[in-house]
Structure formats: C-alpha cells, structure tokens
Amino acid sequence: MSASHTTDIRHDWSRKEVLALFNQPFNDLMFQAQVVHRQHFNPNEVQLSTLLSIKTGACPEDCKYCPQSARYDTGLEKEKLLAVEQVIKEAKAARASGATRFCMGAAWRSPKDKDMPVVAEMVRQVKALGLETCMTLGMLEAEQARLLADAGLDYYNHNLDTSPEYYGEIITTRTYEDRLNTLDNVRQAGMKVCAGGIVGMGEGEKDRAGLLMQLANLPHHPESVPINMLVKVAGTPLDSQEDLDPFDFLRTIAVARILMPKSHVRLSAGREEMNDQMQALAFMAGANSIFYCEKLLTTPNPKANSDMELLSRLGIRPETRQVERDSLEEARALQRAVAEMETDHLFYNAVN
Ligand code: SAM
Ligand code: DTB
Ligand code: SF4
C-alpha cells in the first residue's frame, strides 16, 4: 500500500480491507498507525475531556454493558437531573485541573422536551467558562439537536457501540438505524460528532472491523472517536465477560487511527484496568484524547495526578484548545505583519 493511499480521507472502506489492516503483524500495524498519526497530529499531545453524569441511573434501555439500566441490579444510586449551579461548579473544577472539554452525560433513552431548556442552559454556562461543551443524552430528534446547537453545544456523543451484526446481542430497545439517525440529526444541526463504541463485549474481530467501518464510512468522519474497553460492572449481563486480548484492543485503536486520520481517537472507559505501558502503547497506536476525571459516569477512572504523571513520563503535553491555537496563530501572524511594516522603512529597496 502506498503512503499516499494510507493517508487519504476515505468513506468507502470494505470489510475485507479493514480486516486486512487488523490482520497485519502487530508491529506493521503500529508503524502504519504512527505514520498516519504524525501526518495529522502532534504525537506528543493528548486532549483532556472531563466527564460528568448529570442524570444517573433508572434508564429504561437494556444495553447489556450498562450499570445505569433500570433492568439490572447494580446497586447504583439513581439521581435526578442535577441543578445548573452544581454542573457549573464541576465544570469550573474541571477547567482548573486542565481539561479543555466538559462532557455531560444523562441516563436517558432520549431527552424529554421539559429537560431541554435546562440542558441548554448548562451548555450556555459551561461554554461561557471557556470550555468546549459535549453532551450525551440518548437519541435526539432533529429539533432537539437544533436547540442544543443554538445553545452553543460543540459536540454530541452518541456511540454505535458495535457492528450492526453484533448489535442485537447487546441492545434490543433501540435499533442501529435509530443511532445512525441521531448522528445524522447532530450533523445536520451543525454540531461536531463524537461517536465510537465498546470492545471486549464478546464480539469478534469482524465486529470490531464492522464498527470502525461504519464510523469511517459515515459521510463525515466523527471528529471524536471514543474507543471504550468494557468496564465489567457486577449485576450487568456482561459482568463476567472474558477479557479481550490487550493486543486486540490496541489493534482497534490503531485501525481507528488509520481509517479516520483527522479524528481525535479517545482512549475512553477501561483505563483503570490498564497499566501505564498499555496506555503508552495506545498513544503510540494513535489515541490522542482521554477522559480526565476520577469518575467516568458511574465507575472509577485514574486520578488526575497519576494521569499527569504518566503524561509527563511520556513527554506528552495536554492539548490546548483548537480555537485558542487558531487565534494564537492569527495573533502571531498579525504581530509579524505589524513588525514587517514597522521595519520596512529601515531597509533600502534595491528593486526600485
Ligand atoms: N444514555 C445515553 C446513551 O446511551 O446514548 C448516554 C450515556 S451512555 C452511558 C454513553 C456510552 O457509554 C454508551 O453508549 C457506551 O458506549 C458507554 N458505556 C456505558 N457503559 C459502559 C461500560 N460498562 N463500559 C464501557 N463503556 C460503557
Ligand atoms: C463514551 O464513549 N464513554 C463515556 C462517554 N462516552 C459518555 C462513558 C463511559 C461509561 C463507563 C461506565 C460508567 O462509568 O458508567
Ligand atoms: Fe441507558 Fe445509555 Fe446506559 Fe443504554 S448506555 S442503559 S441508554 S444510560
């Protein structure tokens, strides 16, 4: 495969091609992912997102992995929708600890109309703090997506979770098509898409390939692709699922990087069970975003200081906000132009 071929932004991947990427020798796959990664990103930067559960538990859906489904007894304390002030307090703490994006998640099948003004207000106030905003509230109608976009929501997270073929083993209360419709509504409303899935749910390699193929063949690649390793929670139907081979997890990250070269690939749930070496390999495979918070939605995540220590040992810096970088570059260009104008008169123009 030629170098240019591997870096093209494509939306027409076949399962055979994706499986061929997966089935390369591990070192070849990692190398290819690194080459693509370095063409589009600084390999020593990782984006930090903080996650907050704004409404916890008692969800009517039956997602077999999820501790928040009302159908499974996981001993989780349910909570009503948080007050806006509480969310803002958490967002300020996230900003102070160095996160650039604040993701708010609700255990809903879809938001009710009465919830929309409240979540929109959360978006407005979190955004006013200078943070990027993300929400994951379940399925969205077109009108709801427009309302969130109008409030200034930057990203909407809605995962495909697995391949279309394996999906029915995991969720029966909404279809794959429902999920694709929500992603379409989010895109049409002009928001950035965050969509990925979970591995380690008993799926096969063809399903991991199928999931990534679905994501990569969307009309636009999601800007953010979270790859979650199943967090096994007691009481859920997947609590005693066999562990996935860690190399298969890393292969999934690497293939995501190759298929979606310009997207941030997030090393998402499951880091609590990964050692430092495994996380370092995931960054080498092309992951360049993490959830940076001591709790995901309901389960533990590494402590902020241990994350900072790991990043520092690897020489990785937290990524600054894109807008900041863009406006910084603009400011520098302006400065250069002004400096040139100021010094122009000092030089004799030999052309004239
Ligand atoms: N209820 C909304 C929905 O399902 O779209 C939003 C919240 S839901 C918890 C967001 C995502 O978290 C799920 O789509 C799934 O990919 C991920 N997730 C939930 N439980 C998980 C677990 N035990 N391990 C890994 N990922 C999980
Ligand atoms: C995503 O892909 N992973 C996050 C976020 N999007 C909302 C959620 C992970 C949840 C892990 C289980 C829990 O903490 O409840
Ligand atoms: Fe509900 Fe979301 Fe959990 Fe599914 S993943 S049970 S929709 S909270």
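All ligand and atom numbering here is 1-based and tracks the order in the structure.
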Atom indices of ligand 2 within 4.0 angstrom of [X] heavy atoms, with elements:
{"X": "T299", "answer": "12 (C), 13 (C), 14 (O)"}
{"X": "N159", "answer": "1 (C), 2 (O)"}
{"X": "T298", "answer": "13 (C), 14 (O), 15 (O)"}
{"X": "P226", "answer": "2 (O)"}

Starting from [atom], locate the nearest protein heavy atom and write down its residue, its atom name and how far away it is, to 0.1 Å.
{"atom": "atom 14 (O) of ligand 1", "value": "D161 OD1, 3.3 Å"}
{"atom": "atom 7 (S) of ligand 3", "value": "R174 NH2, 3.2 Å"}
{"atom": "atom 6 (C) of ligand 1", "value": "T136 OG1, 3.2 Å"}
{"atom": "atom 24 (N) of ligand 1", "value": "V231 N, 2.9 Å"}
{"atom": "atom 21 (C) of ligand 1", "value": "Y65 CD1, 3.7 Å"}

- Min N/O separation N228 to ligand 2 under 3.5 Å: yes

- Is P67 close to ligand 2, meaning an N/O of one under 3.5 Å from an N/O of the other? no

For ligand 1, indicate whether the residue [X] contacts it via side chain, backbone, both or neither (heavy-atom separation under 4.0 Å).
{"X": "R174", "value": "side chain"}
{"X": "H158", "value": "side chain"}
{"X": "L297", "value": "side chain"}

- Task: May I ask you to identify, for T136, whether its side chain, its backbone, both or neither come under 4.0 Å of ligand 2 on a heavy-atom basis?
- Result: side chain

- Message: Can you tell me which portion of V233 lies within the under-4.0 Å heavy-atom range of ligand 2? Options are side chain, backbone, both, or neither.
- Response: neither

- Item | Among N228, I198, I227, closest by any non-hydrogen atom to atom 27 (C) of ligand 1 | I198

- Item | Identity of the nearest option to atom 12 (O) of ligand 1, non-hydrogen atoms only, from L238, T56, I171, N159 | N159

- Is the shortest distance from atom 4 (Fe) of ligand 3 to a protein heavy atom below 4.0 Å? yes

- Query: So is G138 close enough to ligand 1, meaning a heavy atom under 4.0 angstrom away?
  - Reply: yes

- Message: Heavy-atom contact check, 4.0 Å cutoff: does A106 meet ligand 1?
- Response: yes

- Message: Just to be sure I understand the site: which N, O or S atoms from the protein are less than 2.8 Å away from atom 3 (Fe) of ligand 3?
- Response: C66 SG

- Query: Does ligand 2 have an atom under 4.0 Å from some heavy atom of F291?
  - Reply: yes

- Got an N/O contact under 3.5 Å between Q68 and ligand 1? no

